[in-house]
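These notes are about the structure you will find just below.
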Amino acid sequence: MAVSVNEAVSPGPVRDHPPPARRRSGRGRTVLEVALLTVLAVVMLFPVLWMIETSIKENRDVYAVPAKFFDFKVTLDHYRDVFVASGGGRSTLSVSFLNSVIVAGVSTVLATVLGVPAAWAYSRFAVRAKKDQLFFILSTRFMPPVVVVIPIFLMYRQVGLIDNALGLILIYTAFNVPFTIWMMKGFVDEVPAEYEDAAMLDGYTRLQAFRKFTLPLLVPGIAATAVFALIFSWNEFVFAIFLTSSDDVRTAPPAIAGLIGGTTVDWGLVAASSVVFALPVLVFAYLVRKHLVAGVTLGAVRR
Amino acid sequence: MSDPAPSTIDRPGQVASATPPAPGRSRRLSDRGLAVAFISPALLLLLAMSVFPLLWALYLSFTDYSATRGGPANFVGFGNYTAILTSAQVHLRALTTVIYVVGAVGLQTVLGFTIAYLISRRTHGRGLLTTLFLVPMMLSPVVVGLFWRFMLDAQFGVVNSMLGSLGLGQVEWLTRQRTALISLIVVDTWQWTPFIMLIALAGLTAVPKYLYEAASIDRASEWFRFRTITLPLVWPLLLIAVLFRAIEAFRLFDLVYILTSGGPGVSTETLSFHVYKVAFLGFNTGTASAYGILMVLVVIVLTQLYLRYLNKLKED
């Protein structure tokens with residue numbers, strides 16, 4: 001009895017004391033947590049900031065020991081070198097950027113054209129062994145590129161696709177189709193099938209119903225999916241380095257990596273070309289940030 | 001005379017019985033046709049560009065074919081496989097790979113989850129923080145590798161410069177046997193911690209608030225709440241992220257290629273880098289194919305595991 005009375009009475013005074021105490025320890029904890037987060041954020045972002053800083057430093061300051069963090073001379077020479085060759089005219093790097101745009105762009109369009117209808121069909125129709133088919137499709141995306149490239153290399157040598165933009169486009173398309181199907185299936189699943197059923201009652205065929213009613217609703221999803229496919233192709237390195245060799249065909253990743261091949265490395269140029277290379281990716285990634293979880297898990301995890 | 005009569009009777013009968021289901025039947029047929037027409041191009045491409053090459057590699061793995069020597073491929077049975085599985089060199093690479101995968105994915109998981117947990121407790125600036133933390137993940141491995149190579153340079157790298165100004169000794173990050181593998185793990189962790197963070201954050205924000213409220217009414221301690229509410233609810237999603245990262249780390253090639261090229265010695269040669277050396281520097285295409293097929297088997301097992309968990313997660 002006494003206990004229950006105590007309990008019934010105690011909240012009054014108790015409530016007066018503990019909350020401030022708890023709040024104080026809570027505030028101390030909050031400060032600690034914010035500090036920890038700040039430190040982690042600085043560590044994560046420092047390499048990126050250092051890369052940007054190096055790209056606008058004069059060569060003398062790039063190699064300064066100890067490193068110069070603030071008092072350096074700003075120059076845009078490295079950025080000019082990315083696009084303009086030393087003797088005037090276009091640099092090989094700028095050609096490789098153009099190649100990257102073409103290869104990534106075309107392969108993304110192809111993957112979208114192939115993947116979106118397939119995703120719709122998988123979402124709407126009773127396909128035999130659907131789950132197995134979808135798992136098979138995703139597992140092709142997990143194959144180690146270094147292993148796949150061996151037979152692909154031999155195959156391409158037979159048909160003359162080595163050092164050919166078409167070869168890269170084909171392999172990138174194959175590499176993006178599984179992603180497009182998985183990612184788009186999620187988007188199609190979100191559009192009620194009843195819309196199409198209703199349209200078909202109005203006399204449209206299934207195909208017309210898809211084109212006129214479902215497809216317009218899928219446009220944002222298609223855009224997000226295409227952006228991810230674009231990023232994957234843009235960043236890809238393994239196939240690019242094994243299947244291409246000449247400056248005319250090479251994409252940007254192997255071209256940038258090639259900058260460190262010589263005896264002396266112009267790190268300012270490496271930094272500037274890395275920034276130019278990474279900037280569009282960051283902009284695009286920011287545009288599709290809402291779908292990032294699905295995108296980076298190849299459409300497997302959805303929120 | 002008797003023939004036409006039944007046919008005229010027959011025909012209306014047929015039409016009568018056939019007409020009502022006809023649209024349905026023809027629509028179902030065209031549905032199937034549509035499904036085939038929409039799915040098969042994508043599947044054909046995958047068959048041509050993924051399955052066929054692997055089958056070819058499977059065939060080559062039983063031969064002594066060499067891409068440079070040319071000439072006919074001689075059948076050698078399981079020779080390549082036994083050579084690889086009993087090779088001490090390969091065992092060493094497998095060990096390196098295991099250390100790298102476990103080390104990198106382990107670190108990423110701990111760090112990524114910590115960051116996600118800290119962010120999920122904030123009410124302001126969550127979006128901005130998340131965006132900033134995600135930057136490394138979106139960069140190409142080429143850019144990441146090159147930049148860390150610059151920063152970890154023994155002479156003019158910024159990391160040693162900072163260590164120097166703190167009065168600490170210089171470290172040969174990429175040119176010493178032991179530190180090179182550690183550097184590789186650190187760089188991979190830097191790039192992929194955001195991945196775990198992103199997925200963990202998705203899991204953490206999906207935990208219903210009322211569970212915490214109920215727990216705080218019961219005056220459950222913070223640790224108790226974390227252990228009995230947060231962790232069990234986030235764990236399935238976290239496991240998916242960890243498995244995904246493990247597969248990616250196992251097949252990683254570009255970062256090793258850029259950062260250390262497998263060196264010094266063979267201290268950072270992972271299995272996928274070794275396959276590359278056997279195939280493109282040694283030109284033992286047959287052996288490399290067998291090696292590749294064995295790696296594919298490992299990936300298939302991991303992928304099956306991943307997909308099974310994914311399936312379980314989706315059904316819950």
Side-chain angles (χ1 to χ4, degrees), chain A residues 33 36-37 40-41 44-45 47-48 50-51 63 65-67 114-115 117-118 120-121 125 127 135 137 139-140 142-148 150-152 154-155 170-171 173-174 177 181 206-207 235 237-238 253 256-257 260 267 270 274 277-278 281-282 285 289 292-293 296-297 300-301 303, chain B residues 27 30-31 34-35 38-39 41-42 45-46 49-50 53 56-57 67 115 118 121 129 131-133 135-136 138-143 146-148 150-151 156 158 161 164-165 190 195 198-199 202 237 240 244 247 251 253-254 258 272 275-276 279 285 288-289 292 295-296 299-300 303 307 310:
Chain A
E33 282 181 8
L36 194 58
L37 261 181
L40 285 167
M44 293 303 276
L45 285 177
V48 178
W50 191 245
M51 168 164 82
Y63 300 100
V65 179
L114 288 172
W120 176 72
F125 301 132
V127 181
F135 280 4
I137 287 171
S139 58
T140 62
F142 280 117
M143 291 303 135
V146 153
V147 174
V148 178
I150 299 170
I152 289 278
L154 298 174
M155 231 167 91
L170 271 177
I171 192 80
T173 307
V177 157
I181 292 179
R206 174 73 88 167
L207 191 60
N235 280 347
F237 174 70
V238 182
I256 295 173
I260 59 164
W267 283 107
V270 173
S274 299
F277 181 73
V281 175
L282 294 180
R289 61 192 181 284
L292 220 47
V293 174
V296 297
T297 56
V301 178
R303 286 282 131 183
Chain B
R27 189 166 62 201
S30 81
D31 273 4
L34 213 54
F38 274 20
I39 290 172
L45 182 77
L46 289 182
M49 300 298 290
S50 294
W56 195 354
I115 296 175
L118 291 177
R121 292 173 56 85
L129 269 173
T131 312
L132 287 181
F133 272 111
V135 169
M138 303 315 296
L139 300 176
S140 166
V142 175
V143 170
L146 282 174
F147 234 72
W148 277 90
F150 176 58
M151 294 206 311
F156 50 82
V158 67
S161 172
S165 57
W190 178 77
F195 179 86
L198 180 68
I199 312 270
L237 204 58
I240 296 275
F244 190 92
I247 298 172
R251 57 188 204 132
F253 172 80
D254 19 24
I258 301 271
S272 53
V275 169
Y276 147 73
T285 315
S289 300
M295 281 187 70
V296 165
V299 171
I300 287 177
T303 310
L307 291 172
L310 195 65

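Below, chains carry the letters A, B, ... as their sequence lines are ordered, and counting in each starts from 1.
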Against chain B, work out which of A:L154, A:L36, A:I171 has the most heavy-atom pairs shorter than 4.5 Å and name it. A:L154

Determine the minimum heavy-atom distance between B:L146 and A:W267, stating which atoms define it. O-CZ3, 3.3 Å

How close do A:F142 and B:V299 get, counting heavy atoms only, and between which atoms? O-CG1, 3.3 Å

Tell me, for A:V177 versus chain B, whether the close heavy atoms (under 4.5 Å) come from the side chain, the backbone, both or neither. side chain

For a quick test of reading the model, state the closest non-hydrogen atom pair linking A:P253 to B:V142 and the distance between them. O-CG1, 3.6 Å

Heavy-atom distance under 4.5 Å between the side chains of B:F133 and A:L37, does that happen here? yes

Assert top hit (heavy-atom pairs under 4.5 Å, partner chain A, pool B:I300, B:T303, B:L118) equals B:L118

Any A:W120 side-chain heavy atom under 4.5 Å of B:L34 side chain: yes

Between B:W190 and A:M44, is there a donor-acceptor pair closer than 3.5 Å when you use the side chain of the first and the backbone of the second? yes

Can you tell me which portion of B:F195 sits under 4.5 Å from chain A's heavy atoms? Options are side chain, backbone, both or neither. side chain

At a 4.5 Å cut-off on heavy atoms, which part of A:L170 comes close to chain B: side chain, backbone, both, or neither? both

Would you say the side chain of B:R251 lies within less than 4.5 Å of the side chain of A:V147, judging by non-hydrogen atoms? no

Is there a side-chain contact (heavy atoms from CB on, under 4.5 Å) between A:V281 and B:L139 once you walk through the steps? CA-CA 7 Å; A:V281 175; B:L139 300 176; over 6 Å; no

When B:M295, B:M138, B:R121 are compared by non-hydrogen pairs under 4.5 Å with chain A, the top option: B:R121

Examine whether an atom of B:L310 lies under 4.5 Å from a heavy atom of chain A, and if so say whether it belongs to the side chain, the backbone or both; otherwise answer neither. side chain

Compare all side-chain heavy atoms of B:Y276 with those of A:I150 and state whether any distance is below 4.5 angstrom. no

Chain A interface, residue from B:A67, B:S140, B:S165 that has the most non-hydrogen pairs under 4.5 Å: B:S140

Counting only N and O atoms by type, is there a donor-acceptor contact under 3.5 Å from the side chain of A:N235 to the main-chain atoms of B:P141? no

Where B:L45 and A:L114 come nearest, the two heavy atoms and their spacing: CD2-CD1, 3.8 Å

List the atom of B:V296, the atom of A:P144, and the distance in Å for their closest heavy-atom pair. CG2-CD, 4.2 Å

If we only count heavy atoms from C-beta on, is the B:I199 to A:T297 side-chain gap below 4.5 Å? yes

Side-chain contact, heavy-atom cut-off 4.5 Å: B:F147 with A:V48? no

Using a cut-off of under 4.5 Å for heavy-atom pairs, which of A:G115, A:P145, A:A278 has the most such pairs with chain B? A:P145

Side chain proximity check, B:F38 to A:L207, heavy atoms < 4.5 angstrom: yes

B:M151 and A:P47, any side-chain heavy atoms less than 4.5 Å apart: yes

How close do A:V148 and B:M49 get, counting heavy atoms only, and between which atoms? CG1-O, 4.3 Å

In this structure, CG of A:L40 is separated from CG of B:L129 (nearest 0.5 Å) by 10.5 Å

B:I247, part contacting chain A, at a heavy-atom distance under 4.5 Å: side chain

Go through the atoms of A:Y63 and report whether side chain, backbone, both or neither lie under 4.5 Å from a heavy atom of chain B. both

Is B:P41 close to chain A through its backbone or its side chain, or both, or neither, when contacts mean heavy atoms under 4.5 Å? both

A:I181, A:T140, A:V296: which one forms the most heavy-atom pairs within less than 4.5 Å of chain B? A:V296

